[in-house]
Amino acid sequence: MRIDGIVLRELHLPLVRPFETSFGVTRNRRILLAEIRSEGLIGWGECTAGERPHFSGESTDTAWQVIVNELGPMLASGRPEHGGDCPRIFNVVRGNPMAKAALENAIWDLEAQREGVSLSQLIGGVRDRIPCGVSLGIQKSIPELLDIIERELAAGYQRIKLKCKPGWDVEVFEKVRNQWPDIMLSCDANSAYKLRDADHLANFDAFDLLMVEQPLWHDDFYYHSMLQKRMNTPICLDESIRNRRDALAAIEMESCKIINIKLGRVGGFSEAIAVHNAAQERGIPVWCGGMLESGVGRSHNIALSTLENFRLPGDVSASARYWTEDIIEPEVTVTAEGEILVSDAPGRGYEVRTDLIEQLTVRKEEIRAFELVGQN
Ligand code: OSB
Ligand code: MG
């Protein structure tokens with residue numbers, strides 16, 4: 001396909017409520033959107049990098065720089081025919097998966113539109129609805145958390161994930177389990193613990209958690225495998241899994257029993273599908289993580305979640321949990337059964353609200369194709 005133009009935008013979107021993890025609090029999102037024009041069609045991608053390089057080494061600013069100076073020009077001269085061509089085109093740039101994913105996912109969107117199929121159909125999805133869970137940030141107090149859980153369960157969500165850290169863990173799990181002995185409950189430490197906390201972490205086993213997500217270092221498999229031998233609760237890896245090889249290593253080493261797949265963290269649909277397949281072939285279930293996405297990234301997450309081995313509820317939930325107004329139409333909603341119904345319209349299945357996007361844009365860079373190609 002001919003790339004006629006790439007427009008990069010930064011939007012400022014305040015979250016409905018602050019989101020606190022073991023590495024910090026997010027109040028306002030700086031959303032980076034890539035709009036790719038090709039032969040009369042427009043594809044959209046979202047860069048899921050954080051405002052600061054705390055979840056991974058990327059941030060909104062590093063991704064902006066890499067897309068404008070490196071990836072954008074490469075894509076325009078690389079003439080991709082399929083989303084699956086992007087990893088090869090971007091190959092000489094090391095790392096920067098979230099920057100790459102923003103462009104690659106927009107190409108997958110374009111490819112789906114060109115073929116007249118939904119993104120889910122294009123990637124071989126098998127579900128017309130996906131099961132949803134929620135990820136709940138660290139709160140000021142346990143009673144406040146219990147109120148939020150009550151509300152999310154009433155809304156239908158099938159699984160509650162609690163962000164945790166030393167000082168916000170077993171006591172919290174105990175209170176939650178006392179009130180709801182049977183709900184699907186999990187936790188996510190975002191690397192808040194050390195191996196010397198293994199005895200403490202083994203106490204998590206008392207609460208029948210579906211999993212504990214990324215308890216140890218963000219770049220580790222070895223110590224997670226040591227830890228998994230010392231606790232029954234399945235370990236799920238998020239930050240550590242950057243690609244298919246990582247997934248194979250982690251599974252081989254028994255560092256985890258479950259894998260969280262995030263499109264941005266692994267660099268886009270190609271690698272996400274590769275991780276999914278590697279896990280499926282080895283009997284390891286996966287689920288779709290979230291990065292507080294706007295509707296654009298959320299629509300990609302929904303399509304990804306329709307693959308067969310996405311066997312557990314993901315962190316993909318309703319637009320209204322994050323934004324007073326989302327930038328897509330319709331907004332993402334969840335049924336009383338805690339499911340998102342997957343659109344079968346061509347591409348992402350949701351319209352973008354271009355007027356609202358323009359209004360929220362604080363930075364924009366538009367580069368025409370001949371300039372992009374000229375740079376290479
Ligand atoms: O570890 O899953 C994570 C948000 C930002 C950074 C890391 C994570 C998260 C979430 C939020 O858990 C999931 C969501 O989008 O609701
Ligand atoms: Mg996580």
Side-chain angles (χ1 to χ4, degrees), residues 13 15-32 46-60 63 97-98 101 130-139 148-149 152 155 157-165 168 185-193 209-220 224 234-242 250 256 258-266 286-302 304-305 312-323 326 332 334 338 340:
L13 270 176
L15 285 168
V16 169
R17 59 191 92 84
F19 188 77
E20 181 169 347
T21 66
S22 64
F23 57 78
V25 186
T26 305
R27 292 187 173 78
N28 296 293
R29 291 284 286 118
R30 295 171 63 191
I31 301 283
L32 210 164
E46 176 168 343
C47 176
T48 62
E51 292 66 38
R52 321 246 330 250
H54 294 176
F55 172 81
S56 75
E58 292 181 275
S59 69
T60 314
M98 292 172 177
I130 62 165
C132 305
V134 289
S135 172
L136 303 181
I138 293 163
Q139 305 296 320
I148 295 170
I149 295 174
E152 302 294 10
Y157 287 103
Q158 299 183 15
R159 182 226 60 195
I160 301 289
K161 160 173 144 184
L162 306 175
K163 289 293 188 179
C164 66
K165 65 176 183 182
W168 185 267
L185 185 66
S186 71
C187 68
D188 184 359
N190 291 110
S191 303
Y193 300 93
L209 302 177
L210 186 62
M211 69 191 88
V212 50
E213 193 178 333
Q214 200 74 34
L216 306 177
W217 298 271
H218 71 95
D219 56 356
D220 170 76
H224 280 96
I235 292 176
C236 170
L237 289 178
D238 173 356
E239 284 89 327
S240 296
I241 307 294
R242 300 160 303 173
C256 65
I258 298 171
I259 292 176
N260 165 332
I261 301 184
K262 288 178 177 165
L263 279 165
R265 197 194 66 226
V266 303
V286 305
W287 55 279
C288 185
M291 293 292 287
L292 312 175
E293 288 92 345
S294 80
V296 170
R298 200 165 295 279
S299 62
H300 289 284
N301 289 343
I302 293 167
L304 179 68
S305 304
L312 296 166
D315 280 347
V316 185
S317 58
S319 299
R321 294 190 60 253
Y322 306 84
W323 322 112
D326 202 343
V332 175
V334 168
I340 292 172

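Just follow the structure's listing: the first ligand is 1, and inside any ligand the first atom is 1.
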Between D315 and R159, does any side-chain N to carboxylate O distance fall below 4.0 Å? yes
The single option from V332, L292, V16 that satisfies side chain to side chain contact (heavy atoms under 4.5 Å, CB included) with Y322 is L292
Side chain to side chain contact (heavy atoms under 4.5 Å, CB included) test vs Q214 passes for just one of N260, N190, L237, namely L237
V134, portion touching ligand 1 at heavy-atom distance under 4.0 Å: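 Near ligand 1, V134 shows nothing, with every heavy atom at 4.0 Å or more.
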**Prompt:** Given that the side chain starts at C-beta and the backbone is N, CA, C, O, which of these parts of D238 lies under 4.0 Å from ligand 1, counting heavy atoms, or is it both or neither?
**Reply:**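 Under 4.0 Å from ligand 1, D238 contributes side-chain atoms alone.
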(message) Closer than 2.8 Å to the Mg ion (ligand 2): does that hold for any N, O or S atom in E239?
(response) no
Q. For atom CZ of R17, is the number of surrounding heavy atoms from other residues, nucleotides or ligands below 6.0 Å larger than 12?
A. yes
Among non-hydrogen protein atoms, atom 15 (O) of ligand 1 lies closest to L292 N, 2.9 Å
Numbered in order shown, the ligand 1 atoms found under 4.0 Å of a heavy atom of Y322 are 14 (C), 15 (O), 16 (O)
Quiz item: Under the 3.5 angstrom rule, does the side chain of S240 hit a backbone N or O of D220 as a donor-acceptor pair?
Solution: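 Judged by distance alone, yes, a pair lies under 3.5 Å.
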| task | May I ask you to establish whether R265 and F55 are in a cation-pi arrangement, using a distance under 6.0 Å from NZ or CZ to the six-membered ring centre and at most 45° from the ring axis? | result | no
Is it true that K262 lies under 4.0 Å from ligand 1, counting heavy atoms only?
yes
Which single N/O/S atom of [X] lies at minimum distance from the Mg ion (ligand 2)?
X    : result
E213 : OE2
D238 : OD2
D188 : OD2

Exercise for review: Out of R265, M291, K163, indicate the one that has the non-hydrogen atom closest to atom 6 (C) of ligand 1.
Suggested key: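 It is M291 that holds the nearest heavy atom.
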Q. Judging by distance only, is a nitrogen or oxygen of R321 under 3.5 angstrom from one on ligand 1?
A. no
